[in-house]
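First up is the structure itself, then whatever we jot down about it.
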Amino acid sequence: MHDTLALRGRVVTFRDNPFVTDPVAALHHEEDGLVIIRDGRIERMGAYADTLPHLPAGTQVVHYPDCLISAGFVDTHVHYPQLPMIAAYGEQLLEWLERYTFPTESRFCDPAHAHDIARRFLTELLRCGTTTAAVFCTVHPQSVEAFFTESERLNTLMIAGKVLMDRNAPPDLRDTAQGGYDDSLALMEHWHGRGRQMYAVTPRFAPTSSEEQLELAGALLARDDSVFMQTHLAENVDEVAWVRQLFPARRSYLDVYAHAGLVRPRAILGHAIHVDEPDLATCHDSGCALAHCPTSNLFLGSGSFRLFDAMDPRRPVRVGLGTDIGAGTSLSQLQSLNEAYKIAQGTGHRLHPAQAFWLATAGGARALHLDHRIGTIAPGMEADLCILDPAATPLQALRAQSCDSISDLLFSLMMLGDDRSIRATYVAGRKVHERA
Ligand code: GUN
Ligand code: ZN
């Protein structure tokens, strides 16, 4: 017996990269569309009238009139253990880590706490329409165990890893180069490729890892091309100065990671605000990804990511969108896009709504080299979807009335939307969230 389901509504997805081609042409829009799902995958998508004859007999059709059916959002950089310390007052990066982050992460030696926060985090993500994320755990292997166990229960496609940190951190949050390697290898062997779970080797950032630890991280990655790597890069000017001091022989912050063999496809570098042209060229050549984290960068006063430099079609770098909770202020990628638009404005660029939604879906999937599985609505893709309500509040309903194009409707969603805009979320064809 096959498991089938169909969703009817206004379908929005991408046929092309809107940073390379005309944004409106890259966007595919089906005014009254039907998405047929079979055994967790999209079997067919098209205009309702044309697609209805292909509906297997007895298939339930869920109709979302006036809602948009989109691929689920992809969050390319987020810390689940920091959920309880979102909105911590007053500091910039290095003091914020000392004062708020490290004490919060210390609690994850307790597996019960880790399971509790992992469960709440995944629930919040799905409430925001995000179906895939690249997730930092803590230095404790049990924090990873808890996260993957909860994710496996939901069947969400998640990337996560144990934080590696053998210096410049409180003693209870430090591992050793060899201990971090051994714990990571055991977790990787257990979880990577188990169902939809994938492992990321996760050195926190250059200042908290010895050269030896970074090299062992490279050795872990050299064992398996399909494993991910995630870390932070050039987020804050004091951090960049510290890295220059700690690694005087390296040309740049990025070069610290490149030297250890960490800059490669499936490597995700958070922030990358204070980077230069040779760094961006290295990113382009290597196939690594940058995670643009707008709400976090504004919250911590870190600076402005130059999105349109990174996306320069002459040497495009893969870029995804990250919420970076707890430095970020919302798990909603609609909120990330709101701030991304303003950061682009402030740097002299217009972030078109098609470009914005591409970054949050297909572009994020491409950044992670997962675009053959998620990020678009097309036959064969895994059925991770979110249902967007452009009229979730009275004000949004008023604004939606004056929308004369799908682009304008998407723009109103990204500027005014949040978790309330998510009518429902589907993971591998199963409904995992429905708005009350
Ligand atoms: N750099 C090193 N660790 C962190 C972290 O937890 N959050 C952010 N935003 N930057 C970091
Ligand atoms: Zn981060």
Side-chain angles (χ1 to χ4, degrees), residues 75-108 117 121 125 133-140 143 147 159-170 173-175 180 200-209 213-214 217 228-243 246 253-254 256-257 262 267-275 289-305 320-331 333 336 339 367:
D75 187 340
T76 58
H77 182 108
V78 61
H79 303 251
Y80 96 82
Q82 297 176 14
L83 189 68
M85 52 153 290
I86 188 171
Y89 173 75
E91 308 292 358
Q92 293 210 348
L93 177 65
L94 299 177
E95 297 74 25
W96 175 86
L97 284 172
E98 291 281 339
R99 180 168 170 197
Y100 298 112
T101 312
F102 291 154
T104 302
E105 293 193 3
S106 290
R107 295 193 58 196
F108 285 74
I117 301 300
F121 172 84
L125 264 192
V135 181
F136 284 64
C137 302
T138 66
V139 75
H140 315 94
S143 72
F147 181 77
I159 300 163
K162 181 200 114 67
V163 164
L164 297 167
M165 185 152 62
D166 69 347
R167 64 168 170 172
N168 294 319
L173 283 181
R174 264 185 253 151
D175 55 12
V201 174
T202 308
R204 174 171 223 117
F205 68 156
T208 47
S209 283
Q213 180 160 70
L214 294 175
F228 289 79
M229 195 288 293
Q230 56 185 350
T231 189
H232 297 85
L233 172 71
E235 176 179 5
N236 165 288
V237 289
D238 293 340
E239 171 210 8
V240 173
W242 193 17
V243 170
L246 290 169
Y253 192 156
L254 181 66
V256 173
Y257 296 141
L262 307 184
I268 314 154
L269 305 158
H271 308 292
I273 295 169
H274 309 284
V275 294
L290 303 179
H292 176 26
C293 305
T295 73
S296 165
N297 297 161
L298 291 167
F299 180 74
L300 290 180
S302 302
S304 298
F305 178 69
L321 199 64
T323 62
D324 194 28
I325 296 301
T329 51
S330 171
L331 273 177
Q333 289 291 43
S336 293
E339 303 294 18

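Residues take their numbers from the sequence shown, with the count starting at 1. Atoms within a ligand are numbered from 1 in the order they appear, just like the ligands themselves.
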Counting from 1 in the order shown, the ligand 1 atoms closer than 4.0 Å to a non-hydrogen atom of D324 are 8 (C), 9 (N)
Check the angle between the aromatic planes of H232 and H271 and answer parallel, tilted or perpendicular using the 30° and 60° thresholds. parallel
Can you find a heavy atom in the side chain of I117 that is under 4.5 Å from one in the side chain of Y80? yes
Short list, please: which atoms of ligand 1 are under 4.0 Å from a heavy atom of A327? 9 (N)
Of all the atoms in D324, is at least one N, O or S atom closer to the Zn ion (ligand 2) than 2.8 Å? yes
Is S143 close to F136 at the side-chain level, that is, under 4.5 Å between some pair of heavy atoms? no
Proximal ligand 1 atoms for L93, defined as those under 4.0 Å from one of its heavy atoms: 1 (N), 8 (C), 10 (N), 11 (C)
Parallel, tilted or perpendicular, judged at 30° and 60°: which one describes the rings of H77 and H79? perpendicular
Distance under 4.0 Å to a non-hydrogen atom of H271: what atoms of ligand 1 satisfy this? 9 (N)
Taking only heavy atoms of E235, which atoms of ligand 1 are found under 4.0 Å from at least one of them? 1 (N), 8 (C), 9 (N), 10 (N), 11 (C)
Taking both backbone and side chain into account, is any N, O or S atom of H79 nearer than 2.8 Å to the Zn ion (ligand 2)? yes
Take a 6.0 Å sphere around CZ of R107 and say whether it holds more than 12 heavy atoms from other residues, nucleotides or ligands. no
E91 and L300 have their tightest heavy-atom pair at O-CD2, 3.5 Å
For F205, the atoms of ligand 1 under 4.0 Å from one of its heavy atoms are 1 (N), 2 (C)
Specify the protein heavy atom at minimum distance from atom 7 (N) of ligand 1: its residue, its atom name, and the distance to 0.1 Å. W96 CZ3, 3.4 Å
Applying side-chain hydrogen bond (donor to acceptor under 3.5 Å, both in side chains) to Q213 and D175, what does each step give before you reach the verdict? CA-CA 10 Å; Q213 180 160 70; D175 55 12; 3.0 Å; yes
Answer yes or no: is there a side-chain heavy-atom contact under 4.5 Å between L331 and V78? yes
What protein heavy atom sits nearest atom 3 (N) of ligand 1, and how far off is it? R204 NE, 2.8 Å
With respect to the Zn ion (ligand 2), please indicate if H77 possesses an N, O or S atom at a distance under 2.8 Å. yes
